[in-house]
Amino acid sequence: MDKRYDPDAVETKWQRFWEDEKIFKAEKDSTKQKYYLLEMFPYPSGSLHMGHVRNYSIGDVVARFKMMRGLNVLHPMGWDAFGMPAENAAIKNRSHPAIWTMQNIDHMRDQLKRMGFSYDWDRELATCHPEYYRWEQWLFLRMLERGLVYRKKSIVNYCEPCQTVLANEQVEAGCCWRCGTPVVQREQQGWFFKITNYAEELLDWCDRLTGWPEKVLTMQRNWIGRSRGARIFFDLEDGGGSIEVFTTRPDTLYGATFMSLAPEHPLCLELSTGTPQEKQVREFINRVLTQDWQSRTGEEAEKEGVFTGAYCVNPLTGRRIPVYVANFVLYDYGTGAVMAVPAHDQRDFEFARKYGLPIVVVIQPDGDRLDPATMSEAYVDQGVLVNSGEFDGMDNISAMGAIAQKLASMGKGGPTINYRIRDWGISRQRYWGAPIPVIHCPKCGVVPVPDEALPVVLPTDIEFPESGRSPLPDLDWWVNVDCPACGGPARRETDTMDTFVESSWYFDRYACPRYNKGMIDQDEVDYWLPVDQYIGGIEHAILHLLYSRFFTKVLRDMGIKKSDEPFTNLLTQGMVIKDGAKMSKSKGNVVDPEELVSKYGADTVRLFCLFAAPPERDLDWTSEGVEGASRFLNRVWNLIHQFKDLRAGQPTTTAEGPARSIRRLTHRTIKKVTEDIETRFHFNTAVAAIMEMTNELSRVDPQEVQAKPDVAAAYLEALKAVVVLLSPFVPHVAEELWEALGGRPGMVRVPWPTYDSALLVQDEVLIVVQVNGKKRGEVIVPADASEEVVKKAALAASNVQRFIEGKTVRKAVLVPGKLLNLVVG
RNA sequence: GCGAGAGUGGCGGAAUUUGGUAGACGCACCGGACUUAGGAUCCGGCGGGGCAACCCAUGGGGGUUCGAUUCCCCCCUCUCGCACCA
C-alpha cells in the first residue's frame with residue numbers, strides 16, 4: 001500500500017492493531033493523572049447519523065490528544081437502550097423491542113469501530129441489560145427509603161400517540177419532546193423523584209460550573225426559577241380554612257382586591273358547590289381544562305374568569321375580596337392561587353377592567369399621582385407606599401420585607417423562596433423500560449421489592465401487542481406475586497421508569513461496568529469521576545444534564561460518591577446542516593456516514609467534520625468539502641512517501657538559512673496546534689495550521705533537502721511533526737505514515753511534541769509602517785533593532801516619504817516586532 | 001415581550017483571548033502545465049473600484065484611540081432558548 005493512499009486497507013489494518021493490542025484499555029492507576037472524557041451515549045436507533053459522527057470525532061481528538069499528553073484517559077462508549085422507538089419498531093416489524101435493540105446495537109457498534117474511535121470497548125454497557133438496571137432499581141429503593149421517591153395522584157402531561165406520561169421537562173411548547181404531538185392533561189397516579197429538594201443546590205452550583213457554556217447555565221437557572229417573595233394566607237370568609245398564595249410583591253398586598261385560582265385548583269369546585277355560581281364555574285373549568293395548550297396559553301388567549309361565589313379576607317386590610325377562577329393562573333407554579341393587585345400587575349389590571357373589579361393604587365411613583373380611573377395599564381415599577389396603613393410612605397423595596405415580617409408575626413405567612421421546578425415524574429406506562437421495583441398489596445399498601453429479589457427483570461417472553469399498549473398489566477404470571485411483607489396475593493407495579501433515569505448515572509457505571517457487589521465501586525468512581533470533559537448536543541441542556549446533576553448529589557449524600565457535580569467541563573456541539581436545514585429524513589437531506597466512509601474512508605470523514613467549523617457552531621455539510629479533505633490527505637501521503645527514505649541526524653541548526661526556516665515553521669505549527677486543541681477546541685484552525693505547514697514543506701526544493709544534511713534533518717523533523725500533529729484527527733493514515741517514517745506503531749503512546757521557543761525567534765523581522773494609521777510600507781530590520789533604528793528605516797522607505805513630506809512627525813508608536821505608526825500633521 | 005449568541009469575499013470560516021498588515025485554511029470559480037482525454041494531479045490568480053498611485057470595504061450610525069472586525073453607546077437583521085412564573 002505504499003504507492004497510492006488506500007484508506008480502506010489502511011484503516012482496517014490499524015483498527016485491527018488497536019483492538020489486538022488493547023491500546024485504549026483504561027485502568028485505574030493512582031500514580032497517574034486521570035482524564036475522563038465522555039461523549040453522550042447514543043440511542044440505538046438503527047444506524048449512526050452525521051450528528052453522532054461529528055460528536056464522536058470531536059471527542060476522539062480530545063481523547064487521543066490527552067493520551068499523547070501522558071494522561072490516563074477513560075473514554076468509554078455504550079447504549080441508551082431503553083425507549084419508545086424500540087416499541088414502535090416492534091409493532092411495525094412484528095418483532096420484539098429487545099431483538100430490534102440488540103440488532104441495532106450490533107450494527108452501530110460495527111459502525112463506530114469502523115470510524116476508529118479510541119474507546120475502551122471492554123467497558124461497553126447497555127442500559128436495557130438487567131445487570132445495569134438492577135442497580136437503578138436498587139437506587140430507587142434507597143431513594144424511597146430516604147423520602148426522595150413518592151407516589152401521588154396528580155395532573156400530568158400525557159401524550160396520546162406515545163401512550164404515556166411525560167415529565168415537565170419533556171414538554172416543549174406544549175408538545176411531546178419526542179413526537180411533537182400536543183400533550184393533554186390527565187389525572188393519574190405516578191412516581192416522582194424529589195428533585196425539588198435539591199433545587200437550591202442545583203441552582204447555587206450553576207455559579208461554580210465554570211467549565212459550562214453560559215447558555216446552558218442560563219437555561220438551567222431559568223428552569224429552576226428561584227424567586228424571592230412571601231407566602232400569604234387569605235382566610236376564607238365562611239370559616240373553613242384559607243387560601244395560600246405566593247407573591248413576589250408582598251409590598252402591594254394592600255392593593256389586593258380579588259383572588260384568582262387556577263382552574264385545576266380543588267378549591268374552585270369546593271367553594272362554588274351549592275352556590276348559584278356552581279354551574280357557571282363547572283362549565284368554565286371544563287372548557288378551560290379540555291382546551292388544548294396552544295389556545296389556552298397562546299399569545300391571543302384572552303384573560304377570562306368566573307366568580308366562585310366565595311369571599312376571602314385580606315389579612316392586612318380585613319377587606320373581603322371575591323374569589324375568581326381565572327384561565328391564566330397556572331396550577332403548576334407557586335400555590336396555584338394568586339392575590340390579584342390590578343393597579344400593579346398587568347394581567348390583574350386587564351382582568352379587573354373586564355369584570356369591573358376595584359383597582360386600588362398602593363405604590364405611587366416619584367413625582368406622579370396614579371389615578372385608578374384614568375390608568376391605562378398597571379404600574380409595575382418602584383415607588384412609595386400609599387393606602388397601606390402603617391406602611392404608608394415607605395419605599396416599596398423596604399416594604400416587601402416589612403410586610404412579609406408583619407405577616408409572619410401574625411401567623412398569616414411570611415418571607416419565602418419559591419421554585420419553578422417541579423418534582424420529576426418518572427412513571428411511564430410503557431413496556432420497554434426498567435420496571436419500578438415495588439409491589440402493591442391490598443393489605444400492606446406499597447411494598448418495596450426486597451434487595452435480594454433484584455433485579456426485577458423485564459419479562460421478554462412476550463408477544464408485543466399491536467395496539468402499542470404495554471403488555472405488562474396483562475401479564476398475569478408476572479404481575480401476580482406474593483406480598484413480600486404479608487405473603488398475601490399482591491400485584492407488581494407495571495409502570496416502568498423514564499429512560500432519562502438510566503442516563504442520569506451511566507457515567508458512574510462506566511468506571512466499574514462489571515462490578516456486581518453494588519451499584520458503584522467506590523474506589524473506581526472516586527478515581528475516575530467527575531467527568532473531566534463531556535461533549536454532546538445542546539438539546540440536553542436541561543433534561544439529561546439537570547437530572548444527572550441531581551443524581552450525583554443524591555449519590556453523594558448517600559455516601560457512595562464523592563463528587564458534587566458529574567461534569568466539570570461541558571462542550572455543546574452544533575448541529576449538522578445541509579442545504580440550510582438540519583439533516584432529517586423528512587427533508588430528504590440526510591447524508592449516510594457509512595456510504596461516505598466506504599467512499600473516502602473514516603479519516604476523511606472525520607477530518608471534514610473537524611475542519612469545516614468550530615465544534616460549538618453548526619456544521620454546513622458539503623460534498624465538495626469532503627473532497628477537499630480527501631485531497632489533503634492524499635497530498636500528505638504523497639509528501640511523506642516522497643521523503644520516507646530520507647536519512648538524517650538530529651536537527652541542531654541555529655544559524656539562519658533554509659534549515660532554520662523549516663525548523664521555525666515546525667515549531668510555530670506545534671505551538672499553534674497544541675494551543676488550539678488544548679485551550680479552545682478549535683480544531684478547524686489547528687488543521688488549517690497543519691495544512692499551511694504541508695503547503696510550505698512541499699514548496700521546498702527536494703534537491704536541497706537531499707543535498708544538505710542540516711536541511712534534511714530539519715525536513716525530517718518537520719515531516720514527523722506533521723504526522724504526529726495529524727494523528728488525533730486522522731489516526732489511521734497517521735499510523736501508516738508514522739510507520740513509513742520508521743516510527744513505532746501505537747501513536748497515542750507517542751508523546752505530544754513540545755516546541756522550542758528559541759526556534760521561534762527571528763533574527764530579522766518585518767515591520768509594517770503606518771502613517772496616521774494607514775499602511776504605507778514595510779521594512780525589514782534586525783529583531784533587536786531599537787526604536788530609533790526602526791524609525792530611521794521607516795522614514796527612508798520611499799512610499800512612506802511621500803506621505804510625510806512637508807509634514808512633521810509628531811509621534812511614533814512602535815509595536816515591537818510588528819508595526820510602527822508615524823503620526824504626522 | 002424577556003434572555004443569550006451571532007452578523008466578515010461567491011460559500012464554510014480566520015484574525016476578537018492581548019486593539020496593531022482584514023480575509024489564514026478549505027471550497028467554488030478563472031487561467032496555465034501535463035495529457036488521446038481530464039471530472040485526476042501540479043502551478044498561478046481570486047473582496048470591490050481604478051491603467052496606476054491609491055481609494056473603498058468586517059450589518060447601519062456615532063464614540064474612545066496614534067490605530068477598531070476587536071472596546072463603548074444607539075439602531076437593524078438573523079438564530080436559539082424561555083414565554084401569562086403572580
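Every chain is numbered from 1 and lettered A, B, ... according to where its sequence line falls, protein lines coming before strand lines.
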Base, sugar-phosphate, or nothing for A:Ile542, non-hydrogen atoms under 4.0 angstrom?
-> nothing
Residues A:Asn799 and A:Arg802: side-chain donor-acceptor under 3.5 angstrom | yes
Take the protein atom CD of A:Gln770 and the nucleotide atom P of B:G20, then report the distance between them rounded to whole Å.
-> 11 Å
Distance, C1' atom - from B:C42 to B:C34, rounded to whole angstrom | 8 Å
How far does OG1 of A:Thr622 sit from CD1 of A:Ile577, to the nearest 0.5 angstrom?
-> 13.0 Å
Geometric cation-pi criterion, A:Arg776 with A:Phe803: 6.0 Å, 45° = yes
With heavy atoms under 4.0 Å as the rule, sort A:Thr622 into base, sugar-phosphate or nothing.
-> nothing
Minimum-distance nucleotide (side-chain atoms of A:Tyr333 versus B:C85, B:C84, B:C25) | B:C85
Minimum-distance nucleotide to A:Asn821 side chain [options: B:G67, B:A86, B:G26] = B:G67
Considering only the C1' atoms, how many Å lie between B:C80 and B:C66, rounded to the nearest integer?
-> 41 Å
Going by atom types alone, do A:Ser227 and A:Tyr333 pair a side-chain donor with an acceptor below 3.5 Å?
-> yes
Rounded distance (Å) that lies between atom P of B:A68 and atom NZ of A:Lys775 | 16 Å
Of the candidate nucleotides B:C66, B:A28, B:G13, which contains the atom at the shortest distance from the side chain of A:Glu624?
-> B:A28
Quick one: are A:Gln762 and A:Arg664 in side-chain contact, heavy atoms under 4.5 Å?
-> yes
Reckon A:Asp348 touches a base, only the sugar-phosphate, or nothing at all at heavy-atom distances under 4.0 Å?
-> nothing
Rounded to whole Å, the CG-C1' distance (A:Asn684 to B:A15) equals 12 Å
Provide the distance between the two P atoms, one in B:C71 and one in B:A14, to the nearest whole Å.
-> 16 Å
When you compare B:G1 with B:U70, how far apart are their P atoms, in angstrom units rounded to a whole number?
-> 27 Å
For B:A57 and B:G38, measure between their P atoms and round to the nearest Å.
-> 44 Å
Check every strand shown and say whether A:Lys774 touches a base, only sugar-phosphate, or nothing at a heavy-atom separation below 4.0 Å.
-> sugar-phosphate
Taking atom C1' of B:U79 as reference, at what distance in whole Å does atom CG of A:Asp620 sit?
-> 14 Å
With heavy atoms under 4.0 Å as the rule, sort A:Val341 into base, sugar-phosphate or nothing.
-> nothing
For the residue pair A:Arg617 and A:Gln573, confirm or rule out a side-chain donor-acceptor distance under 3.5 Å.
-> no
Give A:Asn638 one of three labels, base, sugar-phosphate or nothing, depending on what nucleic acid heavy atoms sit under 4.0 Å from its own.
-> nothing
Given the P atoms of B:U8 and B:G59, what is the spacing between them in whole Å?
-> 6 Å
Watson-Crick and G-U pairing of RNA chain B written in dot-bracket, each distance under 3.5 angstrom, with | for inter-strand partners = (((((((..(((.......[....))).(((((.......))))).(((....)))..(((((..]....))))))))))))....
Would you say the ring centroid of A:Phe729 lies under 6.0 angstrom from that of A:Phe611?
-> no
Give one of base, sugar-phosphate or nothing for A:Arg810, where a contact means two heavy atoms less than 4.0 Å apart.
-> nothing
What does A:Glu692 touch in the nucleic acid at a heavy-atom separation under 4.0 angstrom: a base, only the sugar-phosphate, or nothing?
-> sugar-phosphate
Among B:G12, B:A86, B:U16, the one nearest any side-chain atom of A:Phe611 is B:G12
What does A:Glu778 touch in the nucleic acid at a heavy-atom separation under 4.0 angstrom: a base, only the sugar-phosphate, or nothing?
-> base
Syn-anti status, with the boundary at 90° from 0, for the nucleotide B:G9 | syn
Could you give the distance separating B:U18 and B:G67 at their C1' atoms, to the nearest angstrom?
-> 15 Å
Please work out if A:Val768 contacts a base, only the sugar-phosphate, or nothing of the nucleic acid, heavy-atom cut-off 4.0 Å.
-> base
Could you tell me how the ring of A:Tyr324 sits relative to the ring of A:Phe351: parallel (under 30°), tilted (30 to 60°) or perpendicular (over 60°)?
-> perpendicular
Check ion pair A:Glu377-A:Arg353 (N to O, under 4.0 angstrom) | no
With C1' as the reference atom in both, quote the distance from B:G23 to B:U16 in angstrom, rounded to an integer.
-> 14 Å
With sugar-phosphate meaning primed atoms plus P, OP1 and OP2, does A:Gly225 contact a base, only sugar-phosphate, or nothing at under 4.0 Å between heavy atoms?
-> nothing
Have a look at A:Arg422 and say if it touches a base, only the backbone sugar-phosphate, or nothing, with a 4.0 Å heavy-atom cut-off.
-> nothing
Between A:Asn799 and A:His682, just flag the one whose closest nucleotide in RNA chain B comes earlier from the 5' side.
-> A:His682
From CD of A:Gln801 across to C1' of B:A53 the rounded distance in Å is 16 Å
Side chain of A:Thr218: nearest nucleotide among B:G3, B:A53, B:U41?
-> B:G3
Indicate, with a heavy-atom threshold strictly under 4.0 Å, whether A:Asn418 touches base, sugar-phosphate, or nothing.
-> nothing
For A:Arg699, answer base if it contacts any base atom (sugar-phosphate contacts may also be present), sugar-phosphate if it contacts only those atoms, and nothing otherwise; contact means non-hydrogen atoms under 4.0 Å.
-> nothing
